[in-house]
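So the structure is just underneath, and the comments pick up after that.
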Amino acid sequence: MPAAPLASAPLNCDNAPAQAARFAAAPGRIPLPVSAISGALVALFLDWLDGDVEANRDEVVDYATRLTITILELT
């Protein structure tokens, strides 16, 4: 199966710290969006390392950053 290219779009992370601050959880607890993004990022990196994602390092970092920001903005 051919590797899937990563989508690209302008990155705007000006509001990322404020978005992330909304997800403070009780001690010893992981907020739902944090758990969800963790799984998505692990899958992305493993697929990339296996050569199943057609992207260079900078593209993977950019995509992972945009994915994280998007999930934080949706919640």
Side-chain angles (χ1 to χ4, degrees):
M1 174 185 261
L6 295 174
S8 63
L11 176 62
N12 180 2
C13 57
D14 296 335
N15 199 26
Q19 294 292 336
R22 294 178 22 211
F23 301 108
R29 304 293 296 184
I30 299 172
L32 185 61
V34 173
S35 178
I37 193 65
S38 298
L41 292 173
V42 167
L44 173 64
F45 292 135
L46 291 177
D47 288 346
W48 178 67
L49 289 171
D50 284 343
D52 295 333
V53 175
E54 186 177 292
N56 64 39
R57 180 178 177 259
D58 290 338
E59 291 170 324
V60 171
V61 169
D62 181 64
Y63 188 82
T65 302
R66 287 186 287 115
L67 179 64
T68 302
I69 291 168
T70 298
I71 288 181
L72 292 178
E73 286 176 346
L74 289 174
T75 56

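Just so you know, residue 1 is the first one in the sequence shown, and it goes up from there.
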- Message: Quick check: is V53 connected to F45 through a chain of hydrophobic side chains (ILVMFWY, heavy atoms under 4.5 Å apart)?
- Response: yes

- Hey, quick one: are V42 and L67 part of the same hydrophobic cluster, counting side-chain heavy atoms closer than 4.5 Å, chains of contacts allowed? no

- So, E73 side chain and T70 main chain: donor-acceptor pair closer than 3.5 Å or not? no

- Are the side chain of W48 and the backbone of V60 linked by a donor-acceptor contact shorter than 3.5 Å? no

- Task: Could you identify which residues cluster with L32, counting Ile, Leu, Val, Met, Phe, Trp and Tyr as linked when any side-chain heavy atoms lie under 4.5 Å apart, either directly or through a chain of such contacts?
- Result: none

- Message: Rounded to the nearest 0.5 Å, what separates atom CG in L41 from atom OG1 in T68?
- Response: 4.5 Å

- Report the distance from atom CG of L44 to atom CG of D52, rounding to the nearest 0.5 Å. 11.0 Å

- Message: Looking at every non-hydrogen atom in both residues, tell me the closest pair between E59 and E54 and how far apart they are.
- Response: OE1-O, 4.5 Å

